[in-house]
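A short write-up of the structure that comes next.
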Amino acid sequence: MREVVSGILIGLANLVPGISGGTIAVVLGIYEKLIRTIADTVRFKLNKEQFRFIIMVGIGLLSALLMGSKLMSLALDKATGFTYAAFFGLVLGTIPFLFKSLGKIKFGYIFVGIFLFVFVENIKFSFKVSGIFLPIAGFVAAFAMVMPGLSGSLVMLIFGVYKDIINAVSALNFAVLIPFGVGVVFGIAACTLFMKYLYERFPNQTKNFVFGLVVASLLKIQPFDKQTFSFYGYFLLSGVILFSFLFSLWFTKYAKQL
């Protein structure tokens with residue numbers, strides 16, 4: 001059951017621009033297991049336990065994408081600031097956990113992670129959702145989905161295709177979803193193999209780099225400029241951040257016991 005819930009949370013995160021599904025997997029304490037499992041799936045070396053794990057996470061993720069696209073669009077339209085506040089607090093609550101897991105602190109790799117995030121965020125493109133571009137957009141977005149700190153939805157916003165893809169998911173427009181999905185599959189495969197290699201060969205450097213990505217992502221998902229609030233609204237906003245922050249602290253501490 002925990003794997004299904006984890007998949008739902010990862011799927012919902014991938015629907016929100018600025019929120020990284022990889023970061024949520026880190027929050028849930030399953031990121032390294034997830035990339036190892038996907039990497040073994042790509043290489044056809046999956047065992048029974050891994051097969052169950054990937055199926056359960058996949059069911060949750062697909063359910064969130066199919067059913068949550070309309071809900072998340074509604075939440076972002078009607079309560080933009082509060083939606084971002086919940087995710088902001090959730091990610092913020094992982095910082096102490098991630099910092100403790102770094103081992104030896106390597107500031108250079110942390111700054112590289114921060115720089116990469118800021119660089120990707122400030123790239124501007126404009127493409128049409130058609131033809132050969134669809135699988136390319138899917139590939140790059142999926143690569144960002146797997147990478148903690150980077151957001152697949154943010155990449156789709158940068159490419160100018162976010163609303164079109166969300167609408168295609170809601171309407172089950174397979175003419176758009178199939179070529180985009182092909183790119184997503186190859187992007188996930190490529191990024192998981194890459195991240196597995198980094199975690200195995202350069203674990204400390206990779207954790208510091210990922211920490212930089214996650215810290216930088218807070219700049220993008222902070223909720224204070226997402227909509228206009230009254231004094232009372234800011235009070236409620238702070239309450240949402242505090243609640244989700246405390247929940248995240250608790251969850252990262254007790255995740256292995258759930």
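- Between atom CG of residue Leu193 and atom CD1 of residue Ile35 there is a gap of 9.5 Å, rounded to the nearest 0.5 Å.
- Put simply, the side chain of Leu213 does not reach to within 4.5 Å of the side chain of Ile114, judged on heavy atoms.
- Crowding of Tyr234 atom OH: a count of heavy atoms from other residues, nucleotides or ligands under 6.0 Å exceeding 12.
- Taking the side chain as every heavy atom from C-beta outward, Ile8 and Ile59 never approach each other to under 4.5 Å.
- Under the rule for a side chain to side chain contact (heavy atoms under 4.5 Å, CB included), Leu219 has no partner lying at least two apart in sequence or in another chain.
- With values rounded to the nearest 0.5 angstrom, Thr41 atom OG1 is found 11.0 Å from Ile188 atom CD1.
- Leu102 contributes atom CG, which lies 13.5 Å from atom OH of Tyr109 (distance to the nearest 0.5 angstrom).
- Residues passing the ring pair (Phe, Tyr, Trp, His ring centres under 6.0 Å) test with Phe82 are Phe229, sequence neighbours excluded.
- Here side-chain hydrogen bond (donor to acceptor under 3.5 Å, both in side chains) pairs that include residues 184-196, with residues two or more places apart or in two chains, are Lys196-Glu200.
- Hydrophobic clustering keeps Tyr84 apart from Phe243 (ILVMFWY residues linked when any side-chain heavy atoms are closer than 4.5 Å, directly or through intermediates).
- Scanning for side chain to side chain contact (heavy atoms under 4.5 Å, CB included) contacts around Thr206 gives Met195, Leu198, Tyr199, Phe202, Val210, with sequence neighbours left out.
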Using residues 172-186 as the side-chain source, report each donor-acceptor pair under 3.5 Å to any protein atom, sequence neighbours left out, with the distance given to one decimal.
from	atom 1	to	atom 2	distance (Å)
Asn173	OD1	Ala175	N	3.3

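- To the nearest 0.5 Å, the span separating CG on Leu242 from CG on Leu237 amounts to 11.5 Å.
- Partners of Gln222 according to the side chain to side chain donor-acceptor pair (under 3.5 Å) rule, which considers only residues two or more places apart in sequence or in another chain, are Asp225.
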